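In what follows, every chain begins at residue 1, and chains take the letters A, B, ... in the order their sequences are listed. Computed from a predicted model, the values in this text were never measured in an experiment.
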There are 2 protein chains.
Amino acid sequence: MKQKKREITIYDIASELNVSPSTVSRALKDHYSIGKEMIEAVKKLARERGYRPNHIAASLRKNKTNTIGVMISWINRPFISSMISGIEEEASNAGCNVIISQSHDSYEHEIANARALYNSRIGGLIVSLAMETRKYNHFSTFLENDIPVVFVDRVTDDLNCDKVVIDNFAAGLMATNHLIEQGCKRIAHIGGAQHRSIYKQRAEGYMEALRRNNMEIDESLMLSGVMLNSEEGYRMTEHLMSLPNPPDAIFSANDTAAVSAIQYAKHNGIKIPQKLAVMGFNNDPISLIIDPPLSTVSHPAVDMGKIAARQVLKHREHKDIITSETITLKTDLIIRESTLRKKR
Amino acid sequence: MKQKKREITIYDIASELNVSPSTVSRALKDHYSIGKEMIEAVKKLARERGYRPNHIAASLRKNKTNTIGVMISWINRPFISSMISGIEEEASNAGCNVIISQSHDSYEHEIANARALYNSRIGGLIVSLAMETRKYNHFSTFLENDIPVVFVDRVTDDLNCDKVVIDNFAAGLMATNHLIEQGCKRIAHIGGAQHRSIYKQRAEGYMEALRRNNMEIDESLMLSGVMLNSEEGYRMTEHLMSLPNPPDAIFSANDTAAVSAIQYAKHNGIKIPQKLAVMGFNNDPISLIIDPPLSTVSHPAVDMGKIAARQVLKHREHKDIITSETITLKTDLIIRESTLRKKR
DNA sequence: ACGTTCAGCGCAACCGATTGCGTAAATATA
DNA sequence: TATATTTACGCAATCGGTTGCGCTGAACGT
C-alpha cells in the first residue's frame, strides 16, 4: 500500500549509463570537462527518470544553502510585504528559496534571528533594520564567512556591504519644497527615531528646504516618534495643533502618521489643505483611500526588493568580487489634494 | 588573515569526551538510552565549545527539513501578510524556518511552486489557494510522502487534510442580516470567483439571509468578479447603480471592492449609507481609513496563521496520527458608518 | 617515432548527523 | 549460581552530491 517511492539519484543515472556519479554530477551542470554528447545523454535520462536534484545534499557538501534569508521588522506592512514580494519573485526565478524572519522592531529579536538564520546556513541575507537597532555586530558573522549581506531601506553605514536605498535627503527636500511652493509658512515635521538614517535624512532634507527658502527652523515644530505608528501620529499632531502658534503644514516621515494627522484634523474641524497641509511618505494604499487623498513620496518597494535579491545573487556568482555598492533608486513626489492649496 | 573557522561538530565533542558521535547525537536530544550525567556532560561541553547543530546534515539523513513552506497568492495583501506573520511567529518559536512562494493567483504558478517546494524537501506545507485553481493533484505528492498539508482560508474539500477557516456562510448571513436590519430593501452582492468556496459560501449566506426575510433573490444583483480588485469593484458598482432599479445596499466579499464601491458613490454624489449602504469583508486597514468608515467582517488573520502553523507542527510530532481536522474560527461583524442608517 | 598536450572521465574522500543493531556491564530474577 | 533483563553506549552504514587529483587514450607537433 504505502509505496516507498525511492527517489532517483545521480547514482541511478550513473549506473544506468555506465559512468561514474561524478560525471553525472558534472554533466548536469555543464561542467567544461564533460563531453557534449555525454551531457546530453545524462540530461535526457535524468529527464526521463524524473530526477530531482537533492539540494540538501549539495548544501551539506558545500556548507551553504541556496536559501536567502530576509530580516525585516514586520511582514504585514505595505512597504515591507511589497519588498518581500519583489525579493521572492527574483529569488524564485534564480531557483533560490526565501526564508523570512521578523524582528518586530526589537534589537533582541534581531540578534536572535541573525543567529538562527546563520545556523540555517543561509546563502545570503537581506536586511531592513529594526527600529531599535544601534549596534551591528550581529551581522559580522555573515561577512566573515563570505555570506553576502544586503541592506535595504533601513540601512547603516557602520557596515561595509551593499545597500539598496532611496535618496531620503532629496525626498525630504522635495516634499518640503512642495509645501513651501504651496504657500505654507510654518511647516512642522513628524519624524521617526533619529538614529535610523532614513528618518534623519528626511529630517535633514526638510531643514535644508527651509534654509534654502530663508525660513526659520523652529525646533518646537520638529518631533520624532519611536515607532511612528498611528497613535503616535495622532498625539503628535494634537500636540502641534495645540501650540500657541500652530503649523499650517505637516510633513510626516510616513503615511501612517500622516493619515492620523488628517484624521485629527477632520475630527477637529481643521480644513485640509487650506488650514493644514499634510504630506506623507511611502505611498501606502491608505494614502489613496483617505479623504482628502494624501500627497506622499513613492517608494519603489517591489523594485528595491528585486534589486536587493539580485545583489545577493550576484555576490553568490562571483565570490571574488568584494566591492560593496550602494544603489539609490528614484523617488517620486505624488501630489494629491492634501497639500494642493493653489489650484493649477 | 582569512581564518577558516572550522565549525564544531558532534565528532569534536565526541573525541574530547572519549565517547562515540552517536552518543553525543543522542545525548543532545535527550535520548532515553543515554545516562543522565553523560547527557549533562555533552550539553555542557557543547555549550562551551559553541556547538551549532548542522540542520542540513540532519535533513539529508532524515530526508526531511525543518522548514515549513507557505504558498499564497500575494504577500503584499493585508490579510495574507498578517497570516504569514502569525505563521512565522509560531514556526520560529518551534525552531522552524518559513519559506514563502507566491502563486500570483495563477494555477500554473501554483503547480510550479508546489514542485519547487517539494524539491526543497519542506517538512510541512501551508496553502491558501490561488484564485484560478480548480484541480488539486499537485498537492497529492506531499500527502503521499507524509508531508503534512494545511489549508488556510482559501481551502478545498477535494483533499483530505487539515483546514483552518472561518464560517463564511455564517459571516455572509450575519453581514446581510445587518443590512436588512438597517432597512435595506434591495441588497446586491459583489462576490469573487464562485468555484472558490469562501466566495461561494459568502454568497450562499447572503442568499439565505434574503430567504429568511422573505426577500426576493434577484440574480441581476449578484455579480462575481475574477480577481475582486478595485477596478472590478468600481466597474461592478457602476453597473449595479446604472440598473433601472439600482440596489440600496452592496455586500462585497472583500474590502477592496467595497472601498471602490464607496468611491464610486462619492464620485457620483450617492449618499452613504442613506442612499447606498456598503458592507465589506476582511477588516483591512483601509476599511478604517475610508470615509465613511466601512462596515466589515473581521478575519482573525494572525491567529489563523498561528493555528495553521501549530497544526503542521503537531503532525510533525506525531506522525502516527492521520486525523484531518477542520478548525473554524470566529468572525466578528464590525459595524461602522457605511451601513449605519438607523442611529442607535 | 616519441614526447607533449589536453579533452574526458573515474576514484574516493568528504560534508555532519542519524539510527538499526550489537554488546558489555550492571542489576534483577529464578 | 546461572540466566534473564535492563542500562548505557559503540559500530558502521547511510543520506546524495561535490570536488581535488589522477588516469587514459587520442590528437598534435617536430
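For the pair A/Asn54 CG and D/dG16 C1', the interatomic distance rounds to 5 Å; values are reported in whole Å. In this structure, B/Leu28 places its CG atom 17 Å from P of D/dA8, rounding to the nearest Å. When the C1' atom of C/dC14 is taken as reference, atom CD of B/Glu7 falls 17 Å away, rounded to whole Å. Distance B/Arg121 CZ to D/dG16 P: 8 Å, rounded to the nearest Å. Regarding B/His31, its NE2 atom lies at a distance of 17 Å from the P atom of C/dA17, rounded to whole Å. Per the geometry, CD1 belonging to B/Ile8 stands 15 Å off C1' belonging to C/dA17, to the nearest Å. One interatomic measurement links the two molecules: CZ of B/Arg52 to C1' of C/dG16, which rounds to 12 Å at whole-angstrom precision. Here the C1' atom of nucleotide C/dA12 and the CD1 atom of A/Ile10 are 13 Å apart, to the nearest Å.
Counting non-hydrogen atoms under 4.0 angstrom, B/Asn63 reaches nothing in the nucleic acid.
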| request: Mind running ring-ring contact (aromatic ring centres under 6.0 Å, His included) on A/Tyr107 and A/His138 for me, showing each step along the way? | output: CA-CA 10 Å; A/Tyr107 176 55; A/His138 47 303; 5.7 Å; yes
| remark: Expected string for nucleotides 4-11 of chain C under the B/S/- scheme (protein heavy atoms, under 4.0 Å, primed atoms plus P, OP1, OP2 as sugar-phosphate) is ----BBBB
Taking distance alone, no hydrogens or angles, what donor-acceptor pairs closer than 3.5 Å link side-chain atoms of residues 38-45 of chain A to residues at least two apart or in another chain?
from	atom 1	to	atom 2	distance (Å)
A/Lys43	NZ	A/Asp30	OD1	3.1
A/Lys43	NZ	A/Asp30	OD2	3.1
A/Lys44	NZ	A/Glu48	OE2	2.9

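Comparing A/Ile56 and A/Lys62, the nucleotide of DNA chain D nearest to each residue sits closer to the 5' end for A/Ile56.
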| field | Dot-bracket encoding per residue of DNA chain C, Watson-Crick/G-U cut-off under 3.5 Å, | denoting interstrand | value | ||||||||||||||||||||||||||..||
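Between A/His315 and A/Asp162, the side chains place a donor N or O and an acceptor N or O closer than 3.5 Å (distance only, hydrogens not considered). A donor and an acceptor atom, one from each side chain of B/Asn160 and B/Ser324, are located under 3.5 Å apart.
Within the structure, the salt bridge (Lys or Arg N to Asp or Glu O under 4.0 Å) test picks out no pair touching residues 110-137 of chain A (sequence neighbours left out).
Judged as a salt bridge (charged side-chain N to carboxylate O under 4.0 Å, His left out), and not counting sequence neighbours, the contacts of A/Asp105 are A/Arg77, A/Arg154. Every residue two or more places apart in sequence or in another chain was checked for a salt bridge (charged side-chain N to carboxylate O under 4.0 Å, His left out) with B/Glu108, and none qualifies.
An OP1 or OP2 oxygen of C/dC14 is reached within less than 4.0 angstrom by no side-chain nitrogen or oxygen of B/Tyr11.
Shown here for B/Asn76 and A/Ser85, the closest heavy-atom pair between the two residues is OD1-OG, 4.1 Å.
Using cut-offs of 30° and 60° on the angle between ring planes, the pair B/Phe142 and B/Tyr118 is perpendicular.
Checked against D/dT18, C/dA17, C/dG16, the side chain of B/Leu60 finds its nearest nucleotide in C/dG16.
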